[in-house]
Number of protein chains: 2
Amino acid sequence: MATPADAADEHVVFRQYLDAVGLQGLAGAEAAGLHTSEWYALSLITLEGSLTSGELASRTGLTTGATTRLIDRLERAGYVRRVADPKDRRRVIVEPVPDGLGRIEEVLSPARRHIAEVLARYTPEQRALLFDYFRQAAPAFRAATEEIRKSAAPRRSRTTHAKGDS
Amino acid sequence: MATPADAADEHVVFRQYLDAVGLQGLAGAEAAGLHTSEWYALSLITLEGSLTSGELASRTGLTTGATTRLIDRLERAGYVRRVADPKDRRRVIVEPVPDGLGRIEEVLSPARRHIAEVLARYTPEQRALLFDYFRQAAPAFRAATEEIRKSAAPRRSRTTHAKGDS
DNA sequence: AGCAGTATCTGCATCTGTGCAGATAAATTT
DNA sequence: AAATTTATCTGCACAGATGCAGATACTGCT
């Protein structure tokens, strides 16, 4: 029977939790030498196992040209590699480099450690519940991401830059 | 009694969970028309309630000059406002604008909704446990962030730009 | 009052990410 | 085999974020 006050409290708790996770992610990305779009793309690639350049372009919302450069950067930084698709030699499959994944894990390790400490305060049954939540929350967040991107805010104001509107 | 296999599984679950939350955050930031550093700064400001320009500079790791511009952008976008510090009139206090926070909440609402759906699958006791976790995990993530930033990867390669190394 | 220290802002230069449009290579269709 | 369509890459140009150094405004100390 949550009172309004409790509900508001939950609201705040959840917001602060999201912010904290988000800040951690951004700090991690920066520590890994990755900018937002690179971090985003690498997450996608890791999550999917591998993606073609075109798929990556549509998932990130970038043009294919920009995506080429994005992959260049990720490749140069040692996070992914390009492999030819044997089925269709026009295609370029982008897949994570194990070594790069390791570096990401390293960046995430402080979070892992601190959370492990928190988890240690719970009983095994409670921990199981939390992991069950993680398992279920991940797809939920992905669905939320989809939803947000669909209502796609047209990237910044962009001033409609009616180039020559004198 | 976690077997090694379980441990590996937990590893993956947690990783995917973090990725999902992270991607959601990035999508949200973009939908809000904010770039990484702006999103980061706004999170900090919101979390702290308010910050001075200088504090924001040191927390973000930006120079004071860049921070001025950052605040300009956030202000222009309607997320924060500058107020004079009555104690020290050199200082500029940056605080969130309620209306702006509302817009952020709106952006987060899909996540909130999807997670609410997940939470609805649990009993009230279980939900209480999960919120307890949120409450404890937030500071843990913040500590992790601190830790990551301290070991501060010097922003991208930057060629060490030893300014005057002739 | 004068002086040193501090907080923020501005001009200038740079660097990087991105879109756009055309180029190239490969698959598919006729 | 020729034409069309698809997938990725490259040249060019632009916008925007950031560092640096100097300017400005204010505080606190002597």
Side-chain angles (χ1 to χ4, degrees), chain A residues 26 29-30 33-42 50-77 80-95 152 154-165, chain B residues 26 29-30 33-42 50-77 80-95 152 154-165:
Chain A
L26 292 182
E30 187 176 341
L34 295 172
H35 286 199
T36 310
S37 52
E38 293 153 4
W39 176 258
Y40 193 98
L42 186 55
S50 76
L51 285 173
T52 67
S53 178
E55 287 167 342
L56 193 54
S58 61
R59 296 287 291 265
T60 56
L62 295 174
T63 59
T64 60
T67 303
T68 295
R69 305 298 173 35
L70 172 63
I71 298 170
D72 287 347
R73 277 172 270 145
L74 284 176
E75 194 169 41
R76 190 149 31 78
V80 305
R81 73 180 145 219
R82 287 171 156 99
V83 299
D85 183 339
K87 305 286 184 190
D88 183 341
R89 290 174 42 203
R90 290 169 304 179
R91 281 208 169 89
V92 167
I93 297 178
V94 185
E95 61 179 31
R155 186 178 285 287
R156 186 61 75 115
S157 61
R158 271 265 168 261
T159 31
T160 15
H161 61 348
K163 184 173 63 172
D165 78 340
Chain B
L26 293 183
E30 187 176 341
L34 294 172
H35 286 199
T36 310
S37 53
E38 294 154 2
W39 177 257
Y40 192 99
L42 186 56
S50 76
L51 286 173
T52 66
S53 177
E55 286 167 341
L56 193 55
S58 61
R59 296 287 291 266
T60 56
L62 295 174
T63 59
T64 60
T67 302
T68 295
R69 306 292 172 41
L70 171 63
I71 299 171
D72 286 347
R73 276 171 272 146
L74 284 176
E75 194 169 40
R76 190 150 30 79
V80 305
R81 72 180 144 218
R82 287 172 157 100
V83 300
D85 184 339
K87 305 285 184 189
D88 183 341
R89 290 175 41 202
R90 291 168 303 179
R91 282 210 168 89
V92 166
I93 296 178
V94 184
E95 61 179 32
R155 185 178 287 286
R156 189 59 78 119
S157 62
R158 269 267 165 263
T159 37
T160 11
H161 64 345
K163 183 175 66 171
D165 78 341

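Throughout, a chain's letter reflects where its sequence line sits, starting with A, and its residues are numbered from 1.
- A:T67 comes within 4.0 angstrom of nothing in the nucleic acid, heavy atoms only.
- Looking at which nucleotide of DNA chain D each of B:L70 and A:V92 is closest to, the 5′-most match is held by A:V92.
- Residues passing the side chain to side chain donor-acceptor pair (under 3.5 Å) test with B:R82, sequence neighbours excluded: B:D72, B:E75.
- Taking NZ from B:K87 and CD1 from B:I93, the interatomic distance works out to 10.0 Å, rounded to the nearest 0.5 Å.
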Using a cutoff of under 3.5 Å, can you pull out all pairs of nitrogen or oxygen atoms linking the protein to nucleotides 2-4 of chain C, with atom names and distances?
none

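- Side-chain proximity of A:R91 to the nucleotides D:dA7, C:dC20, D:dA17 is greatest for D:dA7.
- Checking C:dG17, C:dT8, C:dG19 against every side-chain atom of A:R69, the shortest atom distance belongs to C:dG19.
- Smallest separation of non-hydrogen atoms from A:S50 and A:E95: CB-CB, 4.0 Å.
- Here the P atom of nucleotide D:dT8 and the CD1 atom of A:I71 are 8 Å apart, to the nearest Å.
- Looking at every heavy atom in both residues, B:D88 comes nearest to B:R90 through OD2-NH2, 2.7 Å.
- Distances shown here put every side-chain N or O of A:S37 at or beyond 4.0 Å from the OP1 or OP2 atom of C:dG17.
- Candidate nucleotides D:dT8, D:dG19, C:dC9 were compared by shortest atom distance to the side chain of B:T64, and C:dC9 ranks first.
- Atom OG of A:S37 sits about 5.5 Å away from atom CG of A:L70, to the nearest 0.5 Å.
- Here A:R69 pairs with nothing under the side chain to side chain donor-acceptor pair (under 3.5 Å) rule; sequence neighbours left out.
- When the side-chain contact (heavy atoms from CB on, under 4.5 Å) test is applied to B:A66, the partners found at least two apart in sequence or on another chain are B:L62, B:T63.
- Rounded to an integer number of Å, the gap from A:Y40 OH to C:dT18 P is 13 Å.
- Atom CH2 of A:W39 and atom C1' of C:dT16 are 20 Å apart (whole Å).
- Atom pair A:D85:CG and D:dT8:P shows a separation of 9 Å (rounding to whole Å applied).
- The separation between A:D72 atom CG and D:dG11 atom C1' is 14 Å, rounded to whole Å.
- The shortest non-hydrogen separation linking B:S53 to B:V94 is N-CG2, 4.4 Å.
- Contact annotation for B:S53: backbone-only contact, meaning every heavy-atom pair under 4.0 Å involves sugar-phosphate atoms and none involves a base.
- Here the closest non-hydrogen pair linking B:I71 and B:V80 is O-CG2, 4.3 Å.
- One interatomic measurement links the two molecules: CG of B:L62 to C1' of D:dA17, which rounds to 9 Å at whole-angstrom precision.
- Considering only the side chain of A:R73, C:dG17 comes nearest among C:dG17, C:dC9, C:dT10.
- Judged as a side-chain contact (heavy atoms from CB on, under 4.5 Å), and not counting sequence neighbours, the contacts of A:A29 are A:W39.
- One interatomic measurement links the two molecules: CZ of B:R82 to P of C:dA7, which rounds to 16 Å at whole-angstrom precision.
- Within 4.0 Å of A:G65, counting heavy atoms only, lies at least one base atom of the nucleic acid.
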- Message: How would you summarise protein contacts on nucleotides 23-30 of chain D per nucleotide, using B for base, S for sugar-phosphate only and - for none, with heavy-atom distances below 4.0 Å?
- Response: --BBS---
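- Per the geometry, CG belonging to B:L56 stands 15 Å off C1' belonging to C:dC9, to the nearest Å.
- Between A:T52 and D:dA7, a side-chain N or O to OP1/OP2 separation shorter than 4.0 Å is absent.
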